[in-house]
Amino acid sequence: MIGAIAAVVVLIGGGVAWYAASRGGSTSSTSAEVVPAAPSGTPQSQPAAHVVPNTSGISGVVAYNTAGWPTASKNGPANQALGHEHVTGPVTYSVTPPVGGNHNPTPLTCGVYTKPVPNEYAVHDLEHGAIWITYQPSLPQSEVSQLKSFVERQSVLTPAQGQGSRYMDLTPYSGLPTPIVVSSWGFQLRLTSPTDPRLQQFVDKFRASQQYTPEYGGECTGGAGTPSAT
């Protein structure tokens, strides 16, 4: 009798697994990746971001002027800090990929995306303290997998209110100057390998930082888009 019951359980379990596989999913709860549509409002161009001395202690980091955020950060001749205004249209940024500036009112839901995402949503994540890892679409899949594993190794952070997140975005990005570029609000580092130790140093320094994050405590969940992994 026990053997017969066990056989039935195995058959039912196998049937569930087969059904999930035939549907292109799994027995766990997952969501299909959704990339938000590009903004369609009035377009604008970001003035040239102003480079300042790198005081991060991490070799190769390029720092940009973030003085006066959030209330007085206006690009222009008198103050070249990165802007923080919410705009509904597309923005042409002066840095590739962007390190800050005016952005969409809705942030991107943080996580791993296999397709490019609109800059305007990702920049809002940077303002909340997220780290944005971008890579050339031609990067070998083995190295993309290494970057994904790197993201998944990072700790989950929980703001004062809301759901926890790794505060990490990983996306492909066309036109990068190097195979991999990692960005936070006002700081950027170009890399040629996912195993470069400076990648972890950058994350440890700038991710959801009370010192460097303009809107420290801002959430990284419940925004636009659905990542393939969080």
Side-chain angles (χ1 to χ4, degrees), residues 39 43-87 89-104 107-108 110 116-136 139 147 150 167-194 196-216 218 220:
Q44 66 172 243
S45 295
Q46 180 190 51
H50 184 59
V51 176
V52 297
N54 171 30
T55 60
S56 69
I58 303 173
S59 174
V61 166
V62 178
Y64 295 88
N65 186 6
T66 61
W69 51 256
T71 58
S73 54
K74 305 287 186 180
N75 269 307
N79 186 347
Q80 295 177 310
L82 296 168
H84 287 254
E85 293 182 0
H86 287 174
V87 295
V91 180
T92 300
Y93 292 95
S94 63
V95 180
T96 302
V99 293
N102 295 345
H103 50 270
N104 194 271
L108 181 73
C110 284
V117 300
N119 289 326
E120 297 80 4
Y121 296 95
V123 170
H124 198 152
D125 283 1
L126 300 183
E127 188 181 44
H128 287 187
I131 301 298
W132 187 12
I133 302 175
T134 51
Y135 59 89
Q136 293 176 349
L139 193 72
L147 290 174
F150 174 85
Y167 283 80
M168 300 284 293
D169 288 329
L170 174 64
T171 74
Y173 198 105
S174 297
L176 293 181
T178 56
I180 302 166
V181 179
V182 55
S183 307
S184 67
W185 185 275
F187 297 90
Q188 191 168 88
L189 177 64
R190 298 177 180 182
L191 302 171
T192 58
S193 169
D196 192 314
R198 293 177 297 166
L199 178 57
Q200 186 66 64
Q201 294 170 14
F202 190 97
V203 171
D204 293 343
K205 172 71 74 171
F206 299 114
R207 184 173 64 131
S209 164
Q210 292 189 32
Q211 179 178 357
Y212 296 107
T213 297
E215 293 186 1
Y216 177 74
C220 214

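- Separating the NE2 atom in His103 from the NE2 atom in His84 is a distance of 8.0 Å, to the nearest 0.5 Å.
- Counting heavy atoms from C-beta on, the side chains of Gln188 and Pro97 come closer than 4.5 Å.
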(request) Start with the C-alpha gap between Tyr93 and Val99, add the side-chain angles, then the distance that decides, and say whether side-chain contact (heavy atoms from CB on, under 4.5 Å) holds. (result) CA-CA 9 Å; Tyr93 292 95; Val99 293; over 6 Å; no
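- Using the six-membered ring where Trp is involved, Tyr212 and Phe206 have ring planes that are perpendicular, over 60° apart on the 30 and 60° scheme.
- Taking OG1 of Thr178 as the start and CG of Leu191 as the end, the distance is 6.5 Å to the nearest 0.5 Å.
- With values rounded to the nearest 0.5 angstrom, Ser183 atom OG is found 8.5 Å from Tyr64 atom OH.
- Side chain of Glu127 to backbone of Gly100: no donor-acceptor contact under 3.5 angstrom is found.
- The main-chain N or O of His124 is never found under 3.5 Å from a side-chain atom of Glu215 such that the two would form a donor-acceptor pair.
- Residues Val182 and Phe202 share a closest heavy-atom pair of CG2-CD2, 3.5 Å.
- Between the side chains of Trp185 and Thr213, not a single donor N or O lies within less than 3.5 Å of an accepting N or O.
- Of the possible polar contacts, none joining the Lys205 side chain to the Ile58 backbone as a donor-acceptor pair under 3.5 Å is found.
- In this structure, Leu139 CG and Ser193 OG are separated by 9.0 Å, a value rounded to the nearest 0.5 Å.
- Residues Pro90 and Glu120 have side chains in contact (heavy-atom distance under 4.5 Å, counting atoms from C-beta outward).
- Looking at every heavy atom in both residues, Val95 comes nearest to Ala49 through CG2-CB, 3.9 Å.
- The heavy-atom pair separating Cys110 from Ala130 by the smallest distance is SG-CB, 4.0 Å.
- A 4.5 Å side-chain heavy-atom check between Val62 and Val51 finds at least one atom pair inside the cut-off.
- Among Thr192, Leu147, Thr134, the one residue that satisfies the side chain to side chain contact (heavy atoms under 4.5 Å, CB included) test with Ile180 is Leu147.
- Residues Met168 and Ile133 meet the side-chain proximity criterion, which asks for heavy atoms closer than 4.5 Å.
- When every heavy atom of Pro118 is checked against every heavy atom of Pro39, the shortest pair comes out as CB-CD, 4.1 Å.
- Residue Pro98 comes nearest to Val123 through the heavy atom pair CB-CG2, 3.5 Å, listed as atom of the first residue, atom of the second, then distance.
- Checked by atom type and distance alone, the side chain of Asn104 never pairs as donor or acceptor with a backbone atom of Tyr121 at under 3.5 Å.
- Under a 3.5 Å cut-off, the side chain of Ser45 and the backbone N or O of Thr92 do not form any donor-acceptor pair.
- Here the options are Asp169, Asn119, Thr171, the test is side chain to side chain donor-acceptor pair (under 3.5 Å), and the partner is Trp132; only Thr171 passes.
- A 4.5 Å side-chain heavy-atom check between Leu82 and Gln46 finds at least one atom pair inside the cut-off.
- Using modelled atom types, one side-chain atom of Asp125 and one backbone atom of Leu108 make a donor-acceptor pair closer than 3.5 Å.
- Looking at residues two or more places apart in sequence or on another chain, you find a salt bridge (charged side-chain N to carboxylate O under 4.0 Å, His left out) between Asp196 and Arg198.
- Listed here is the closest heavy atom pair of Pro194 and Leu199: O-CD2, 3.8 Å.
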(message) Would Val181 and Tyr173 count as a side-chain contact (heavy atoms from CB on, under 4.5 Å) here? Give the steps.
(response) CA-CA 9 Å; Val181 179; Tyr173 198 105; over 6 Å; no
